[in-house]
Amino acid sequence: MSIYLDNQAAKPVDERVISEMLPYFRDKFANPASLHADGDIATDILEKSREMVADFINAPNPSDIIFTSGATESNNLAIIGAANFYKRKGNHIIISEIEHISILNIAKYLEKQGFKISRIPVDRYGIIRLDKLENLINDSTILISVASASNEVGSIQPIEEISKIATKNKILFHTDAIPSESTLSIDVQSVPIDMITLSSNDIYGPRGVGALYLKKGVRVNPIIIGGGQERGFRSGSENIPGIVGFAKAAGIMKNEMPKEVEYLKGLRDKLISGVLEIIPNSHLNGHPEKRLANNAHFRFDYIEGESLILQLKEHNVAAATGSACSSKTLEPSHTLIAMGLLHEEAHGSLLVSLGRTTKLTDINKIIEVLPGAVKRLRIMSPLTPPELLKKYKEVK
Ligand code: PMP
């Protein structure tokens with residue numbers, strides 16, 4: 001197993017979660033739709049799990065939680081579902097320029113269906129321009145969707161302020177809470193949000209299960225039609241072991257988040273200061289303070305992030321250049337470009353994302369191997385200026 005520093009792409013499932021799930025693969029495997037006693041057991045645990053996930057975000061009614069197959073589906077249900085339900089009211093939707101690719105592609109899909117999409121610009125830290133948001137709202141705006149934080153550079157968005165603007169203008173507000181699910185608590189009774197995308201793996205539960213929080217009274221048209229499970233919002237037999245794991249993960253996260261966040265911030269800050277101090281021409285992308293506790297996103301001049309990942313791979317370190325879901329494209333990150341970076345700057349990125357299992361020795365290891373890896377690539381790069389090459393050659 002590598003020194004795993006790619007927790008934004010996937011997190012290990014907590015052992016306590018695995019133990020909780022196992023009985024639901026073995027004896028307690030029944031379908032909650034069945035009328036027999038085994039079906040009742042499945043229904044009971046489904047509803048108990050719903051309560052636990054509702055409690056995770058302080059939702060007043062467990063029925064506000066709709067279980068789905070994950071974040072992509074929740075985003076589809078929220079945005080396409082609301083667009084179709086409210087289209088008689090208006091056809092204008094606002095997202096930000098730096099949303100996850102699932103939301104960007106949903107927006108493109110809706111544009112083809114005749115909806116109008118506006119994209120809020122961001123500042124150089126990747127934080128949305130609230131002043132611009134107000135200007136984008138018009139009489140046909142039905143929905144604002146902004147993720148809780150950047151899943152790449154880790155900058156935290158002003159969710160409370162967006163919620164106030166949406167409420168004042170009587171517009172629905174959806175947030176994809178995936179980037180911050182393990183590091184920022186959500187309380188929908190203190191900050192009103194109409195729809196929230198949640199996923200199990202982002203809080204150390206199994207993959208393939210997630211939820212959409214749908215505030216009481218908010219409506220969406222279903223996108224999966226069938227037997228009418230999940231109050232008709234999401235048909236298909238519920239994934240009981242997955243949902244049990246998700247609920248257990250939410251319970252653990254709720255209890256352990258404050259302590260865990262302090263721990264992660266300590267590691268993150270050590271990593272950031274270590275890297276910026278040792279490596280010349282290195283930069284931190286994203287906001288220096290308003291950033292996720294588990295995110296360190298660097299930029300190294302004159303080299304390519306992909307080559308750096310391969311160098312780190314040789315040292316058994318697993319990291320990323322940015323969002324895993326966009327990693328197969330050769331395009332520079334849309335987030336970094338929206339922040340005003342040049343293409344060549346955007347290409348030299350490294351995303352180190354920490355998690356519950358990250359240890360101080362992992363951070364020490366990356367601080368130890370990164371300077372050499374960057375140096376090796378810079379010596380080969382035609383972009384490296386002669387002064388820097390000279391410095392590298394002097395210091396053996
Ligand atoms: N939204 C965000 C912000 C993400 O980072 C991701 C990927 N983890 C998704 C949505 C999609 O998640 P999934 O691939 O699990 O559906």
Side-chain angles (χ1 to χ4, degrees), residues 4-13 53 57 66-81 95-109 119-120 122 126-128 144-157 159 162 173-184 186 193 195-213 223-224 234 236 239 242-243 245-246 249-250 253 286 291-295 297 318-329 333-336 338 349 351-355:
Y4 187 78
L5 295 166
D6 192 18
N7 285 273
Q8 186 75 48
K11 290 187 174 67
V13 180
V53 175
I57 56 167
I66 312 297
F67 286 115
T68 65
S69 67
T72 300
E73 188 190 326
S74 297
N75 284 340
N76 275 266
L77 180 58
I79 303 176
I80 299 178
I95 63 169
S96 87
E97 276 190 343
I98 64 162
E99 292 305 303
H100 182 261
I101 191 162
S102 59
I103 295 206
L104 296 179
N105 282 338
I106 290 168
K108 278 191 202 156
Y109 167 82
R119 293 165 181 83
I120 319 164
V122 295
I127 295 183
I128 67 147
I144 300 171
S145 176
V146 176
S148 56
S150 160
N151 64 312
E152 285 185 60
V153 298
S155 300
I156 298 170
Q157 301 297 349
I159 292 300
I162 304 171
F173 175 34
H174 164 249
T175 190
D176 175 347
I178 302 310
S180 66
E181 207 177 328
S182 62
T183 52
L184 294 176
I186 304 171
I193 304 174
M195 297 184 280
I196 303 177
T197 289
L198 298 168
S199 140
S200 154
N201 185 239
D202 290 278
I203 50 172
Y204 307 94
R207 226 157 330 155
V209 55
L212 181 67
Y213 160 74
I223 51 171
I224 297 181
R234 201 280 183 180
N239 167 7
I243 289 170
F246 182 13
M253 195 80 251
R291 73 180 305 122
L292 298 173
N294 61 341
N295 174 296
H297 195 285
T321 53
S323 170
C325 306
S326 314
S327 70
K328 298 282 187 299
T329 73
S333 142
H334 66 283
T335 300
L336 299 178
S349 299
L351 168 58
V352 182
S353 50
L354 321 182

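Note that ligands are numbered from 1 as they come in the structure, with each ligand's atoms numbered from 1 the same way.
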Q. Can you name the one residue among His100, Gln8, His334 that meets side-chain contact (heavy atoms from CB on, under 4.5 Å) with Glu152?
A. His334
Q. Can you list the ligand 1 atoms lying under 4.0 Å from a non-hydrogen atom of Pro179?
A. 3 (C)
Q: Show which atoms of ligand 1 fall inside a sub-4.0 Å distance from at least one heavy-atom site of Ala71.
A: 9 (C), 10 (C), 11 (C), 12 (O), 16 (O)
Under a plain distance cut-off of 3.5 Å, with no hydrogens placed, do [Y] and [X] share a side-chain donor-acceptor pair?
X      : Y      : answer
Thr197 : His174 : yes
Ser145 : Glu99  : no
Ser102 : Thr72  : no

Q | Close side-chain approach of Ser200 to Ile243, heavy-atom, < 4.5 Å | A | no
**Q.** Heavy-atom proximity to atom 14 (O) of ligand 1, best of Thr72, Ile103, Thr68
**A.** Thr72
Q: For atom 4 (C) of ligand 1, state which one of Lys11, Glu181, His100 supplies the nearest heavy atom.
A: His100
(Q) If I apply the N/O under 3.5 Å rule, does Asp176 come out as touching ligand 1? (A) yes
